[in-house]
Amino acid sequence: MRINEEIRAREIRVVVDGGEQLGIMSSREALQIAAERHLDLVEISPNAKPPVCKIMDFGKYRYEQQKREKEARKKQKTFDIKEVKLRPGIEQHDFEVKLKNAVRFLEDGDKVKVTIMFRGRELSHPELGEVLLNRMADEMKELAVVERVPKLEGKNMIMIVAPKPKK
């Protein structure tokens, strides 16, 4: 965004901060008017014929623009991915503890990566891991949607669940 002396066009359309149009004039005249009012000449639409410039307080304008951007960043939701690791031979109570942790993560608004780690000969029965992950997904179906179905990657089987969007 060009301001004051940086504006290169010979003729510009000048608008005052309130929206009132002063018309088409040379950039020198517009700079003089802006200086008299102790304000800046800011090029708003450089591609128009002639370019449109506004007489305003540039510092105040920039401050309000930054404030709007900050508000927009606040409204954006960032997701963290939390991980819950299981083994194929996990006992019922341990499974419930891991499930409770996953539910807590989902309630906090985070995605959950559920990993089943296979060791040794356990890898010859990947269907056991898939059953376990599907059981975990069934238990959490009220809170979560499965974002990535169970898939074997190396010695681990991974499933990703995300919190259901709130209505």
Side-chain angles (χ1 to χ4, degrees), residues 1-85 98-117 130 133-134 136-167:
M1 197 175 279
R2 296 185 188 135
I3 60 168
N4 298 330
E5 286 79 20
E6 294 173 5
I7 299 170
R8 297 274 174 244
R10 288 190 181 152
E11 284 198 333
I12 55 175
R13 181 179 305 275
V14 181
V15 181
V16 186
D17 204 9
E20 173 193 341
Q21 288 202 20
L22 298 181
I24 298 173
M25 60 180 77
S26 73
S27 53
R28 273 206 191 108
E29 286 177 65
L31 269 170
Q32 249 176 349
I33 294 170
E36 287 169 9
R37 297 182 182 193
H38 302 289
L39 295 170
D40 299 304
L41 185 66
V42 181
E43 190 175 45
I44 289 181
S45 146
N47 299 331
K49 297 277 184 227
V52 179
C53 295
K54 195 173 195 178
I55 295 176
M56 66 172 136
D57 184 352
F58 185 67
K60 183 178 175 186
Y61 171 74
R62 200 173 61 209
Y63 167 74
E64 287 179 359
Q65 203 171 26
Q66 287 171 343
K67 207 164 126 181
R68 269 193 304 262
E69 287 172 4
K70 193 175 178 184
E71 281 297 314
R73 274 197 303 275
K74 269 187 195 174
K75 289 185 176 103
Q76 285 181 340
K77 178 72 177 108
T78 57
F79 285 106
D80 286 339
I81 295 187
K82 303 287 187 170
E83 187 171 17
V84 174
K85 291 185 174 186
K98 298 288 187 175
L99 177 67
K100 200 163 85 176
N101 286 338
V103 166
R104 190 181 76 231
F105 296 147
L106 288 167
E107 286 170 346
D108 290 345
D110 298 323
K111 292 183 180 183
V112 179
K113 177 180 176 182
V114 185
T115 305
I116 295 194
M117 303 173 298
E130 202 166 332
L133 288 176
N134 289 331
M136 179 79 90
D138 285 343
E139 297 273 343
M140 296 188 294
K141 70 179 172 218
E142 312 290 308
L143 286 168
V145 291
V146 176
E147 199 170 80
R148 197 166 119 201
V149 294
K151 184 179 174 191
L152 192 62
E153 293 180 3
K155 291 185 175 185
N156 297 329
M157 185 173 279
I158 296 168
M159 171 179 77
I160 297 178
V161 291
K164 273 190 178 171
K166 291 181 178 123
K167 293 173 185 164

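Quick caveat: nothing in here was measured; it's all calculated off a predicted structure. Numbers here are sequence positions counted from 1.
The heavy-atom pair separating Ala30 from Ile12 by the smallest distance is CB-CD1, 3.7 Å. Closest non-hydrogen pair, Glu11 versus Pro50, comes out as O-CB, 3.5 Å. Between Leu143 and Leu106, the closest heavy-atom pair is CB-CD1, 4.4 Å. In plain terms, the two heavy atoms of Val112 and Ala102 that are nearest each other are CG2-O, 3.7 Å. Nearest heavy-atom pair, Glu43 versus Pro51, reported as atom, atom and distance to 0.1 Å: OE2-CB, 3.8 Å. In terms of heavy atoms, Ala9 sits closest to Ser27 at O-OG, 3.2 Å.
Side-chain atoms of Asp110 never come within 3.5 Å of backbone atoms of Ile81 as a donor-acceptor pair (strictly under, hydrogens ignored).
Gln66 contributes atom CD, which lies 6.5 Å from atom CZ of Arg62 (distance to the nearest 0.5 angstrom). Here the straight-line distance linking atom CE of Met25 with atom CD1 of Ile33 works out to 4.0 Å at 0.5 Å rounding. For the atom pair CD1 (Ile55) and CG (Leu31), the distance works out to 8.5 Å, reported to the nearest 0.5 Å. Of the inter-residue distances, the one linking Asp40 atom CG with Asn4 atom CG reads 4.5 Å to the nearest 0.5 angstrom. Taking CD of Glu5 as the reference point, atom CG of Leu41 lies at 9.0 Å (rounded to 0.5 Å). Atom-to-atom distance recorded for Lys111:NZ and Asp80:CG is 10.5 Å, nearest 0.5 angstrom.
Residues Arg73 and Lys70 are in side-chain contact: their nearest non-hydrogen atoms beyond the backbone lie under 4.5 Å apart. With contacts defined as side-chain heavy-atom distances shorter than 4.5 Å, the pair Lys85/Thr115 qualifies. The closest side-chain heavy-atom distance from Val103 to Lys100 is not below 4.5 Å. Counting heavy atoms from C-beta outward, Lys82 and Asp108 have side chains that stay 4.5 Å or more apart. You'll find the side chain of Glu64 reaches within 4.5 Å of the side chain of Lys60, heavy atoms only.
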Checklist entry - Does the side chain to side chain contact (heavy atoms under 4.5 Å, CB included) test come out yes or no for Leu39 and Met56, once each step is laid out? => result CA-CA 5 Å; Leu39 295 170; Met56 66 172 136; 5.7 Å; no
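The pair Glu153-Lys113 does not meet the salt-bridge criterion, since no charged nitrogen lies less than 4.0 angstrom from a carboxylate oxygen. With respect to Lys74 and Glu71, a salt bridge is recorded, a charged nitrogen being found less than 4.0 Å from a carboxylate O.
Open room surrounds NZ on Lys155; 12 or fewer heavy atoms of other groups in view lie less than 6.0 Å from it.
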